[in-house]
There are 2 protein chains.
Amino acid sequence: MLNVAIKPLPATVAEIRHGSCHLRSVADREENVILRAGSCLYRMNDEIDEVYLVNSGALKVHRFSESGEQQILGFYLAGDIVGLDALPTGIACSEAVALDTTSITRIRLSSVFEGREAFSSQDLVRLMGVSLTRENDLAMMLSQRTADRRLAWFLTEYANRLTVIGFSPKEFSLPMTRTDIALYLGLALETVCRELAGFEEQGLISKDRRRIKLLDMDALQHLATGDEHPCFAELTH
Amino acid sequence: MLNVAIKPLPATVAEIRHGSCHLRSVADREENVILRAGSCLYRMNDEIDEVYLVNSGALKVHRFSESGEQQILGFYLAGDIVGLDALPTGIACSEAVALDTTSITRIRLSSVFEGREAFSSQDLVRLMGVSLTRENDLAMMLSQRTADRRLAWFLTEYANRLTVIGFSPKEFSLPMTRTDIALYLGLALETVCRELAGFEEQGLISKDRRRIKLLDMDALQHLATGDEHPCFAELTH
DNA sequence: CGTGTGCTTGAGTGAGGTCAATACCTGTGG
DNA sequence: CCACAGGTATTGACCTCACTCAAGCACACG
């Protein structure tokens with residue numbers, strides 16, 4: 001069922017999704033962009049008629065409310081598509097900033113819809129669905145009020161995404177600041193620090209500034225989902 | 001620019017979007033379903049190869065985390081499309097429940113992609129973009145921690161959507177319980193009550209159970225966005 | 001070697017969560 | 001018609017968690 005909607009992605013994109021970056025076949029016809037850390041891919045209210053495929057590096061996508069508060073809506077790594085939220089109007093309602101030196105491929109929408117692109121509008125639908133699901137996850141998490149859960153969720157989620165693109169989920173270097181994490185999770189910067197310190201004390205992680213080692217993935221996972229850790233289950237029941 | 005992606009919706013759907021419910025031309029070829037309050041359109045992990053257009057009534061879409069907590073991801077009214085989050089996999093990762101007697105039109109995806117439908121896959125992309133933006137809004141709001149803002153946002157947002165489909169934004173009857181609102185906004189049920197009582201005391205709204213009157217839309221709007229209300233601005237600066 | 005930016009830690013406070021009791025509204029059955 | 005039950009809404013008392021304010025540290029940069 002639903003064979004029309006979920007047919008496998010074309011090779012080029014599928015490969016990207018799984019970590020290799022052999023995008024040359026597409027890239028030759030498209031523009032490849034390199035962003036330095038801190039520079040902006042697009043800003044709020046920019047007119048854009050393209051989406052962006054991340055080849056390597058990392059981006060944050062954020063929005064500002066009218067009162068000037070910031071919310072980070074997502075972090076994007078290799079294989080992710082950014083800019084989808086501009087599709088309905090053609091106007092970006094968010095801003096994308098490189099956290100690192102980042103390589104991007106522009107994909108013009110007109111060529112997607114005219115079938116001149118390596119992936120079709122059906123693939124676009126599929127990718128938007130993925131984005132939608134991820135946003136739902138974010139909403140789920142934000143409504144779980146406790147800080148430790150949010151942070152555990154963030155770490156495990158991030159680790160999982162690293163696995164998908166072929167990096168070690170156990171030990172990695174975060175591209176974003178503590179402030180970014182706080183804005184993403186809807187917490188205060190200090191709470192992020194404190195909670196990370198707490199995790200380290202409990203032996204769940206070890207950390208040195210941006211460098212993170214996950215020592216007890218299971219426990220973090222259980223924290224994130226709200227399950228009790230098996231060995232503590234009897235304490236709370 | 002982006003004329004390919006944002007061409008106007010076909011008449012039938014466009015009309016629905018603006019409140020009239022002349023869907024017959026499409027409905028004849030499709031299944032129309034009536035749901036009673038409390039019954040389920042689809043459940044988590046159902047295989048679905050269709051999306052649903054709401055003709056009238058109201059739905060809530062919610063998810064359960066592994067630990068059994070509930071998060072309501074959205075309320076859907078006439079003209080809204082539900083079921084988009086199942087697109088990437090064909091498996092629903094949420095559950096849709098009628099809050100009221102609700103009329104639904106099923107739209108098979110296969111017929112959309114084969115061009116046999118009154119709207120095309122490009123329209124689908126557009127609608128998904130709208131969904132995505134709405135989810136972003138939800139995430140923005142959930143990260144604003146104060147309860148009064150969340151509730152003000154909820155009320156104004158709901159009123160705006162009523163306007164779009166041709167109902168009065170000033171006075172309406174909520175289809176959902178306080179518990180639903182609480183689960184949507186990531187608050188405790190009691191906080192919703194207290195905050196609503198507070199709004200009433202301040203003369204922003206009047207209420208009688210589900211029946212709500214918005215008395216000072218401006219003030220609510222300012223509360224929601226975090227701006228100070230003009231007449232209070234000097235107090236906080 | 002100072003300066004800035006990011007990170008960490010402490011102390012105090014308040015918004016909102018939890019628990020609990022009560023009121024209200026609707027439908028059912030005697 | 002009234003009694004009762006179950007779902008819904010409201011209000012109060014208490015307490016905890018995370019925010020705020022504040023100060024100190026560490027690393028990178030010119």
Side-chain angles (χ1 to χ4, degrees), chain A residues 36-38 58 60 69-72 97 99-101 141-155 173-202 205-212 223 226 236, chain B residues 36-39 60 67 69-72 97-101 141-155 173-202 205-212 223 226 236:
Chain A
R36 337 210 49 154
K60 65 175 171 184
E69 285 134 351
Q70 209 184 147
Q71 159 76 354
I72 291 183
V97 177
L99 295 168
D100 232 338
T101 305
M141 185 278 308
L142 286 172
S143 79
Q144 317 256 334
R145 292 145 314 291
T146 65
D148 51 354
R149 275 202 195 175
R150 294 187 190 199
L151 206 53
W153 176 85
F154 170 74
L155 290 173
S173 195
L174 292 170
M176 74 291 281
T177 68
R178 301 281 194 265
T179 305
D180 287 334
I181 299 174
L183 287 172
Y184 182 53
L185 298 179
L187 296 172
L189 152 69
E190 298 92 326
T191 307
V192 172
C193 283
R194 263 188 268 272
E195 223 55 52
L196 280 176
F199 285 175
E200 188 165 38
E201 223 166 272
Q202 295 169 57
I205 67 168
S206 80
K207 68 175 169 49
D208 176 41
R209 292 176 74 75
R210 305 266 180 108
R211 193 96 210 139
I212 303 281
L223 239 180
T236 49
Chain B
R36 338 209 49 154
S39 63
K60 65 175 171 183
S67 55
E69 283 133 352
Q70 209 183 146
Q71 159 75 354
I72 291 183
V97 177
L99 295 168
D100 230 337
T101 303
M141 185 277 308
L142 287 172
S143 80
Q144 317 255 334
R145 290 146 312 290
T146 65
D148 52 353
R149 275 203 195 173
R150 295 187 189 198
L151 206 54
W153 175 86
F154 170 74
L155 289 173
S173 195
L174 292 170
M176 73 291 281
T177 67
R178 302 280 193 265
T179 306
D180 287 334
I181 300 175
L183 287 172
Y184 182 52
L185 298 179
L187 296 172
L189 151 69
E190 297 91 328
T191 307
V192 172
C193 283
R194 262 188 270 272
E195 222 55 51
L196 280 177
F199 285 175
E200 189 165 38
E201 223 166 89
Q202 295 168 58
I205 66 169
S206 80
K207 68 174 171 48
D208 176 44
R209 291 179 75 76
R210 305 267 179 106
R211 194 95 209 138
I212 303 281
L223 240 181
T236 48

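These numbers come from the heavy atoms of this one structure, side chains and all, not from hydrogens, waters or symmetry mates. Per chain, numbering begins at 1; letters A, B, ... match sequence-line order.
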Taking C:dT8, D:dT20, D:dT11 as options, the one with an atom nearest any side-chain atom of B:Cys193 is D:dT11

**Asked** Do A:Glu190 and C:dC7 have a side chain to base donor-acceptor pair shorter than 3.5 Å?
**Response** no

In this structure, CD1 of A:Ile181 is separated from CG of A:Leu151 (nearest 0.5 Å) by 7.0 Å

Side-chain atoms of B:Ala147 come closest, of C:dG16, C:dT9, D:dT10, to C:dG16

The bend of the helix from C:dC1-D:dG30 to C:dG30-D:dC1, taken between the axes of its five terminal pairs at each end and rounded to 10°, is 30°

Rounded to the nearest 0.5 Å, the CD atom of A:Gln70 sits from the NZ atom of A:Lys60 at a distance of 5.5 Å

So B:Asp148 and B:Gln202, do their side chains get closer than 4.5 Å, heavy atoms only? no

Donor-acceptor check, side chain of A:Arg178 to backbone of A:Glu190, threshold 3.5 angstrom: yes or no? no

| Counting just side-chain N and O atoms, does B:Arg210 come under 4.0 Å of either OP1 or OP2 of D:dA9? | yes

Between CG of B:Leu151 and P of D:dA9 the distance, given in whole Å, is 13 Å

Sub-4.5 Å side-chain heavy-atom contact between A:Leu174 and A:Leu99: no

In whole angstroms, the gap separating P of C:dG6 from CG of A:Leu183 amounts to 12 Å

Distance-only donor-acceptor test, A:Arg194 side-chain atoms vs D:dT20 base atoms, 3.5 Å: yes

A:Met176 atom CE is separated from C:dT5 atom P, nearest whole Å, by 21 Å

In whole angstroms, the gap separating P of C:dG6 from CG of A:Asp180 amounts to 9 Å

Please determine whether any donor N or O and acceptor N or O are separated by less than 3.5 Å between the side chain of B:Arg178 and the base of D:dG7. no

*asked:* Heavy atoms only, 4.0 Å cut-off, all strands: where does B:Leu196 land among base, sugar-phosphate and nothing?
replied: nothing

Here the gap from A:Leu142 atom CG to A:Gln71 atom CD, rounded to the nearest 0.5 Å, amounts to 6.0 Å

Taken to the nearest whole Å, CD/A:Glu200 to P/C:dC7 is 15 Å

Separation of C:dC7 atom P from A:Ile212 atom CD1, nearest Å, is 10 Å

The answer to which of B:Ala197 and A:Arg209 contacts DNA chain D further toward the 5' end, by nearest nucleotide, is B:Ala197

#### Entry: Side-chain N,O (A:Lys207) to OP1/OP2 (C:dC7) below 4.0 Å
no

Atom CG of B:Leu189 and atom P of C:dC19 are separated, to the nearest Å, by 13 Å

Do A:Leu185 and A:Met141 come within less than 4.5 Å of each other through their side chains, counting heavy atoms only? yes

From CD1 of B:Ile205 across to P of D:dA9 the rounded distance in Å is 13 Å

For A:Gly186, which contact category applies under a 4.0 Å heavy-atom criterion: base, sugar-phosphate, or nothing? sugar-phosphate

Just to confirm, is there a sub-4.0 Å distance from OP1 or OP2 of C:dG17 to any side-chain nitrogen or oxygen of B:Thr191? yes

CD1 of B:Ile205 to CZ of B:Arg211, rounded to nearest 0.5 Å, is 13.0 Å

